[in-house]
Amino acid sequence: LAKGVARLKVGGDDNDDQAVSSGAESAEITPAVTPKRRIDVVAEYSVHQKNRETLNLVVVGHVDAGKSTLMGHVLYALGQVNERTMKKFERDAEKIGKGSFAFAWVLDETDEERSRGVTMDIATSAFSTQHRKFTLLDAPGHRDFVPNMISGASRADVAILVVDASTGGFESGFDGNGQTREHAILIRSLGVRQLVVAVNKLDVVEWSETRYLEITNRLVDFLTGCGYVKEDVRFAPVSGLKGVNLAHRITADGTPELASWYHDKDSASEPGPCLVELIDTFAMPERPVSKPFRLAVTDFFKGGT
């Protein structure tokens with residue numbers, strides 16, 4: 001090594017001189033690398049969430065419980081769907097003999113879903129309440145599409161469980177092979193702790209308080225047995241098709257049968273909270289934004305040549 005250094009210093013050949021010269025020139029023209037600015041993830045997250053924090057909301061329940069109609073009507077009531085679009089859905093649904101499915105078409109966008117009247121894949125949308133921003137995940141209720149339901153529920157922070165209050169409707173979803181039980185267990189196993197149960201189609205049984213209490217009592221026993229905390233499960237009597245008690249509280253003039261017994265727990269003279277008010281009170285889960293990044297892959301496509 002010493003001999004090589006001496007030769008380079010004293011009498012290296014022309015090729016060595018050229019190599020050294022070339023190296024010097026290349027070193028001179030190489031631009032300096034500016035170090036990248038490190039992003040404070042926690043600070044950036046706080047800036048984006050300062051107005052309204054975001055929650056992922058999945059809607060689950062037995063097939064034909066009215067999930068898509070319910071949430072489609074909620075989106076319409078909150079102004080996410082304009083009047084012109086809604087009228088078009090109503091006309092097109094009437095043409096194929098499915099007039100009652102117009103609100104479901106807000107979320108069921110494919111021709112197959114609309115013709116069959118069944119949600120087949122996760123439908124996504126977004127809306128805002130007074131204190132929260134929600135990413136809506138409308139899950140299929142048919143047992144053939146449980147894998148799609150799971151892919152949506154795995155992204156959820158909170159959930160709405162929709163049950164059918166019509167005679168025999170709740171029993172078909174809750175007893176036997178119904179999906180009400182399975183969906184409630186699945187979303188709990190996937191980390192959902194907060195739940196609003198929408199007792200839908202209560203108008204079909206004339207807003208019966210007896211029927212409402214029968215359903216809620218059975219569900220409280222079941223859900224607490226699944227690991228839900230009773231205080232984290234709340235109930236709302238609604239009609240997705242008629243739009244009752246969805247985005248606005250009921251009035252004694254509009255729905256006297258329901259107003260006669262559905263009261264605010266803090267004030268017996270006031271009607272109880274509507275569905276949107278209940279989901280607006282969901283507590284924010286902890287966001288570990290300072291931890292290493294994790295990306296969930298929910299689906300993939302293999303292309304061919």
Side-chain angles (χ1 to χ4, degrees), residues 59-74 77 100-101 103-104 117 139 141-143 159-185 187-188 194-226 228 230-279 281:
V59 183
V60 298
H62 186 63
V63 63
D64 293 334
K67 299 181 298 299
S68 297
T69 295
L70 176 73
M71 295 314 299
H73 208 143
V74 167
S100 62
F101 285 76
F103 286 108
H142 198 284
R143 64 184 308 105
I160 294 176
L161 174 64
V162 183
V163 296
D164 183 350
S166 63
T167 304
F170 172 73
E171 289 75 14
S172 66
F174 189 70
D175 300 326
N177 295 321
Q179 298 304 109
T180 302
R181 286 176 176 267
E182 183 177 5
H183 282 196
I185 294 171
I187 60 175
R188 181 65 191 87
Q194 300 177 81
L195 185 68
V196 168
V197 179
V199 184
N200 194 25
K201 304 184 184 181
L202 201 61
D203 56 308
V204 176
V205 292
E206 305 297 331
W207 300 106
S208 169
E209 181 182 10
T210 302
R211 179 61 168 167
Y212 177 78
L213 292 176
E214 175 192 357
I215 292 171
T216 56
N217 289 336
R218 291 190 66 184
L219 283 174
V220 165
D221 292 340
F222 169 70
L223 293 171
T224 52
C226 293
Y228 293 93
K230 187 176 181 179
E231 290 71 23
D232 291 336
V233 179
R234 287 160 293 177
F235 296 85
V238 299
S239 171
L241 183 61
K242 294 184 178 179
V244 177
N245 207 37
L246 299 183
H248 306 285
R249 292 196 179 197
I250 58 172
T251 62
D253 295 334
T255 319
E257 303 92 341
L258 180 58
S260 65
W261 57 266
Y262 183 60
H263 304 295
D264 193 308
K265 65 179 182 179
D266 297 324
S267 176
S269 62
E270 295 292 328
C274 65
L275 180 65
V276 169
E277 286 180 301
L278 288 177
I279 64 176
T281 60

Give a yes or no answer on whether the side chain of His73 reaches the backbone of Gly240 with a donor-acceptor pair at less than 3.5 Å.
-> yes

Kindly indicate, with the supporting measurements, whether the criterion side chain to side chain contact (heavy atoms under 4.5 Å, CB included) is fulfilled by Ile187 and Leu195.
-> CA-CA 10 Å; Ile187 60 175; Leu195 185 68; 3.9 Å; yes

Tyr262 side chain to Trp207 backbone, donor-acceptor under 3.5 Å | no

Are Ile215 and Phe174 close enough that some pair of their side-chain heavy atoms sits under 4.5 Å apart?
-> no

Taking side chain as C-beta onward, heavy atoms only, is Phe170 less than 4.5 Å from Val199?
-> no

Applied to residues 200-211, the salt bridge (Lys or Arg N to Asp or Glu O under 4.0 Å) test, sequence neighbours excluded, yields Asp164-Lys201, Glu171-Arg211, Asp203-Lys242, Arg211-Glu214

By salt bridge (Lys or Arg N to Asp or Glu O under 4.0 Å), Arg249 pairs with (sequence neighbours left out) Asp264, Glu277

May I ask you to check whether Tyr212 and Trp261 place their ring centers less than 6.0 Å from one another?
-> yes

Within a strict 4.5 Å, meaning less than it, do heavy atoms of the Asn245 and Pro237 side chains meet?
-> yes

Residues in ring-ring contact (aromatic ring centres under 6.0 Å, His included) with His142, at least two apart?
-> Phe145

Any chance you could lay out the side chain to side chain contact (heavy atoms under 4.5 Å, CB included) test for Ile185 and Phe222, step after step, and finish with the verdict?
-> CA-CA 10 Å; Ile185 294 171; Phe222 169 70; 4.0 Å; yes

Output, in order, the C-alpha distance, side-chain angles, deciding distance and verdict of side chain to side chain contact (heavy atoms under 4.5 Å, CB included) for Lys67 and Thr69.
-> CA-CA 6 Å; Lys67 299 181 298 299; Thr69 295; over 6 Å; no

